[in-house]
Amino acid sequence: MTERSCDGEPSEKESHAAFTGLFNAYYRQAVTFVHMEDPSVDVEEIVEEAFVEILTRWASIENPPAYLFTVLRNGIRKHRRNRSREEHLREQLRATRPRETTADPLEGKIIYDDVIAALQELPAAVREVAVMSWMLHKPADQVAEELGKSRSTVTTQLTYAARRLRTFLTAQEEER
């Protein structure tokens, strides 16, 4: 006899067993699918994120295998978009970078020290968001989740941090 909750839905035990069955049956196919679609992506990350999304929405999914492959396709597209954006940014950086540099080797150290000093001037909560986002390269959604903040709070704090850093670094540059 299967366990059912009060409202006729499968119990947590049944849902877990069904999800485990889906995972065992489709994991290899999912990895192969992602690798065949785009071998340059982080296959394990995309497959893992797809199964996590399915698990979080398990009760509302009518056809889990079909949903799995839809989520995998979307993960591949997202990766391609991000890669395209990164390439575009690299091209912009190359275009704006001066061709000749006769910079003092210590200048990079001075700039690094200035950035660290500027970060230390930020309030602790804002500094934590800035470091996670800019130095650890975490997206705003992930930073918000890890810190228990809303995404809008994280973006507001990043904007504030950027303004403060710009002001601080401009002042440092003018002093030289």
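In this chain, numbering begins with 1 at the start of the sequence shown.
- Under the side-chain hydrogen bond (donor to acceptor under 3.5 Å, both in side chains) criterion, Asn63 pairs with no residue, sequence neighbours left out.
- When the salt bridge (charged side-chain N to carboxylate O under 4.0 Å, His left out) test is applied to Arg73, no partner is found at least two apart in sequence or on another chain.
- When hydrophobic side chains of Ile, Leu, Val, Met, Phe, Trp and Tyr are connected at separations under 4.5 Å, Leu22 ends up clustered with Phe19, Phe23, Tyr26, Tyr27, Val31, Phe33, Val34, Val41, Val43, Ile46, Val47, Phe51, Ile54, Leu55, Trp58, Ile61, Tyr67, Leu68, Phe69, Val71, Leu72, Ile76.
- At least one side-chain heavy atom of Met135 sits under 4.5 Å from a side-chain heavy atom of Leu119.
- By the side-chain hydrogen bond (donor to acceptor under 3.5 Å, both in side chains) test, His88 pairs with Gln92, sequence neighbours left out.
- Sorted by first and then second residue, the ring-ring contact (aromatic ring centres under 6.0 Å, His included) pairs with a member in residues 130-168 form an empty list; sequence neighbours excluded.
- Side-chain contact between Leu122 and Gln157 is absent, with no heavy atoms from C-beta onward closer than 4.5 Å.
- In terms of the side-chain contact (heavy atoms from CB on, under 4.5 Å) criterion, residue partners of Arg163 (sequence neighbours excluded) are, by chain and number, Thr159, Arg166.
- Residues His79 and Ser40 approach most closely at NE2-O, 4.0 Å, considering heavy atoms.
- Residues forming a side-chain hydrogen bond (donor to acceptor under 3.5 Å, both in side chains) with Gln142 (at least two apart in sequence, or on another chain): Glu146.
- Annotation: side-chain contact (heavy atoms from CB on, under 4.5 Å) contacts of Ser150 (sequence neighbours excluded): Ser152, Thr153.
- Residues meeting the salt bridge (charged side-chain N to carboxylate O under 4.0 Å, His left out) test with Asp42, sequence neighbours left out: none.
- Scanning for salt bridge (charged side-chain N to carboxylate O under 4.0 Å, His left out) contacts around Glu53 gives Arg57, with sequence neighbours left out.
- Among residues two or more places apart in sequence or in another chain, the salt bridge (charged side-chain N to carboxylate O under 4.0 Å, His left out) test is passed with Glu87 by Arg90.
- Evaluation of the side-chain hydrogen bond (donor to acceptor under 3.5 Å, both in side chains) rule for Arg85 yields Asn82 as partners, not counting sequence neighbours.
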